[in-house]
Protein chains: 2
Amino acid sequence: MQTDMGTVAKALSLLTLFNHARTEIGLSELTRASGLNKATVYRLLCELQSGGFVEQTGSDRAYRLGPEVLRLAALREAAVPILSVSRAILDRLSADTGETAHLSLVRGESLNSLSHAYSPRHATRVMMEDAEVLSFHGTGSGLAVLAFADDDFVDRILSRPLVAHTDLTLTDPARIRQVLETVRASGLAEAVGGFEADVHSHAAPIFGADQRPIGALAVAAPVSRMTASQWQAIRSRLKRAATDLTQRIGGFCPPDYPRDRAA
Amino acid sequence: MQTDMGTVAKALSLLTLFNHARTEIGLSELTRASGLNKATVYRLLCELQSGGFVEQTGSDRAYRLGPEVLRLAALREAAVPILSVSRAILDRLSADTGETAHLSLVRGESLNSLSHAYSPRHATRVMMEDAEVLSFHGTGSGLAVLAFADDDFVDRILSRPLVAHTDLTLTDPARIRQVLETVRASGLAEAVGGFEADVHSHAAPIFGADQRPIGALAVAAPVSRMTASQWQAIRSRLKRAATDLTQRIGGFCPPDYPRDRAA
DNA sequence: GTTTGATGGTTCGTTATTCGAACCGATGGT
DNA sequence: ACCATCGGTTCGAATAACGAACCATCAAAC
């Protein structure tokens with residue numbers, strides 16, 4: 001991880017080490033996880049701390065993400081209000097389908113879940129966590145994005161090692177490219193048990209102002225509930241919701257994106 | 001702004017140049033505003049961009065905050081769920097008082113508004129924007145924080161030039177220290193027209209796990225509506241809401257904080 | 001009670017990295 | 001054709017980052 005990255009890239013890489021499982025990390029652990037020198041990590045942390053990007057807990061002296069990221073997120077929302085706009089759409093989508101709806105966004109060469117909505121209709125539901133890293137090849141959302149992404153982006157993603165989250169995960173690049181073809185035809189991706197067993201998920205890409213996919217809207221349901229009529233209902237509602245979201249954030253679907261056939 | 005800051009501090013300072021008025025900034029303008037060299041700014045931006053902290057718009061090549069800040073904010077919320085916890089409290093507070101409620105957090109030596117809730121009761125209401133920088137001496141929230149902050153923190157803040165936002169803004173450090181005494185006595189700060197004319201605002205500090213103030217909860221109303229009964233209602237409800245929030249985020253009020261006398 | 005192995009934090013000479021004036025090519029208004 | 005501005009690039013000089021070694025402190029181990 002330590003090859004030829006600039007000073008700020010190193011600093012930013014420290015921030016990426018935080019996740020839901022480790023929201024507070026000590027100096028030693030950060031140095032170990034980052035592969036950098038302890039003195040380097042400490043200096044970087046000091047600068048990040050004085051910028052408010054991390055803060056130290058009072059008890060142990062572990063570090064955690066600081067309040068400045070909240071401020072920046074609010075400003076990002078002011079510039080590109082994806083979260084606030086998607087809120088209503090997610091709520092409606094989960095209510096209409098009775099299942100869990102969630103939004104994820106592309107960030108470089110990874111995909112992050114960012115927001116979700118549950119439906120109270122069923123006792124069992126697919127649970128989500130925000131800020132989780134999703135895989136492109138194993139999730140409906142990832143496939144939806146790949147299907148409409150640049151060729152070289154797809155090449156980069158598929159040339160990396162493709163881990164199998166379950167024994168249903170597609171890991172053969174050629175097979176995945178076949179699937180992408182069908183996704184392109186319908187405008188919707190479908191993944192059954194590829195990321196988590198027993199989860200049947202549909203996903204539709206959302207596009208930015210440059211007509212390139214910036215993320216995906218998805219509905220995740222237990223496989224046991226996926227009847228034919230439910231399948232139909234999810235697909236039509238999801239597609240409408242995704243094009244709606246694309247439009248509301250000032251994005252444009254590319255010309256080759258299948259228009260939604262009627263209601 | 002350019003003296004003796006490390007490389008990452010410079011990079012982070014670029015991020016602070018964004019605000020509601022300028023959510024997208026070009027390279028030249030960033031260079032001018034930061035006081036750094038253009039090549040330096042460009043390199044920093046490239047690193048920030050590959051980290052997802054900024055992104056370039058397709059049209060002009062201006063920069064804006066990137067999606068990574070959303071992910072970090074979600075993780076920060078997972079570690080310290082101030083925003084999600086305060087949501088319900090803000091909603092209730094604004095509903096109960098019929099006025100605008102808002103939350104702001106200390107970030108280094110500045111105070112940022114972060115979340116708010118309006119009440120639909122009146123046609124005229126105090127409008128808020130999130131991620132705005134508030135002054136310590138001119139706002140109720142700032143005074144509430146100062147009143148329970150470390151002495152040297154207060155000294156640092158009050159030794160800076162104190163700008164007068166309106167002609168009612170307190171700018172005399174000695175006078176402000178007097179006010180802080182009364183705030184300490186009641187646990188509530190009051191500011192009339194100090195930041196924006198015609199705005200009467202009440203504020204109560206919220207505390208972290210180390211019993212030090214980390215922000216403030218406030219209610220802002222047009223001065224014209226501030227009757228005696230309304231004054232009473234706001235103060236009691238605000239105080240309860242603030243101690244409630246402090247408790248729910250795992251914080252503790254300091255021993256010298258006036259306990260809420262009954263309901 | 002001292003040994004051991006963690007931890008967070010600090011030092012300082014070497015060296016690799018950042019810096020910044022100048023330079024490009026493109027765009028656009030006069 | 002001109003001038004101004006834009007985003008982006010170059011390259012030698014100088015500065016700032018690096019990292020091995022070192023402290024201080026704590027907690028359990030012996």
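Residue numbers begin at 1 in each chain, while the letters A, B, ... track the order of the sequences. Values below: every heavy atom of this structure, side chains too, minus hydrogens, waters and symmetry copies.
- We find that CG of B:L27 is positioned 17 Å from P of C:dT27, with the value rounded to whole Å.
- Taking atom CG of B:N37 as the reference point, atom P of C:dC23 lies 14 Å away to the nearest angstrom.
- Taking the screw axis at each terminus of the helix from C:dG1-D:dC30 to C:dT30-D:dA1 from five consecutive base pairs, the angle between the two is 30° to within rounding of 10 degrees.
- When the P atom of C:dA6 is taken as reference, atom CZ of A:R61 falls 18 Å away, rounded to whole Å.
- Distance, B:Q49 CD to D:dG7 P: 13 Å, rounded to whole Å.
- Each of D:dG8, C:dG20, C:dT18 was ranked by its minimum atom distance to the side chain of B:Q56; first place goes to D:dG8.
- Here the nucleotide nearest the side chain of B:A39, chosen from D:dA20, C:dG20, C:dG8, is C:dG20.
- Side-chain contact between A:P255 and A:Q211 is present, with heavy atoms from C-beta onward closer than 4.5 Å.
- At a cut-off of 3.5 Å, with distance as the only test, a side-chain donor of B:E77 or B:S84 sits close to an acceptor on the other residue.
- In terms of polar N and O atoms assigned as donor or acceptor, the side chain of B:K38 comes within less than 3.5 Å of the base of D:dG8 in a complementary pairing.
- When the P atom of D:dG7 is taken as reference, atom CD of B:E24 falls 12 Å away, rounded to whole Å.
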*Carefully, step by step, assess B:R177 and B:V154 under the rule side chain to side chain contact (heavy atoms under 4.5 Å, CB included).*
CA-CA 9 Å; B:R177 284 177 196 275; B:V154 178; 3.8 Å; yes

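- Nearer to the 5' terminus of DNA chain C, by closest-nucleotide assignment, is the contact made by A:I25 (compared with the other of A:T7 and A:I25).
- Between the B:Q56 side chain and the B:R61 main chain, a donor and an acceptor come within less than 3.5 Å of each other.
- For the residue pair A:S115/A:R87, the side-chain donor-acceptor check at 3.5 Å is satisfied.
- Close to D:dG7, at under 4.0 Å from its OP1 or OP2, lies no side-chain N or O of B:Y42.
- Atom pair B:L44:CG and D:dA16:C1' shows a separation of 13 Å (rounding to whole Å applied).
- The NE2 atom of B:H137 sits 11.5 Å away from atom CG of B:L134, with the distance rounded to the nearest 0.5 Å.
- Atom P of nucleotide D:dC26 and atom CG of A:D60 are separated by 14 Å, given to the nearest angstrom.
- Side-chain atoms of B:N37 come within 3.5 Å of backbone N or O of B:A39 as a donor-acceptor pair.
- Side-chain nitrogen and oxygen atoms of A:Y63 include at least one within less than 4.0 Å of the OP1 or OP2 phosphate oxygen of C:dG9.
- Distances from the side chain of B:R43 to the nucleotides C:dT7, C:dG9, C:dT18 place C:dT18 closest.
- Listed pair B:R32 / D:dT5 fails the phosphate criterion, with no side-chain N or O lying under 4.0 Å from OP1 or OP2.
- Put simply, B:T40 has a side-chain N or O that comes within less than 4.0 Å of OP1 or OP2 on C:dG20.
- Rounded to an integer number of Å, the gap from A:E29 CD to C:dG8 P is 9 Å.
- Residues B:T23 and A:V80 are not in side-chain contact: their nearest non-hydrogen atoms beyond the backbone lie 4.5 Å or more apart.
- For A:S28, a side-chain nitrogen or oxygen approaches OP1 or OP2 of C:dG8 to under 4.0 Å.
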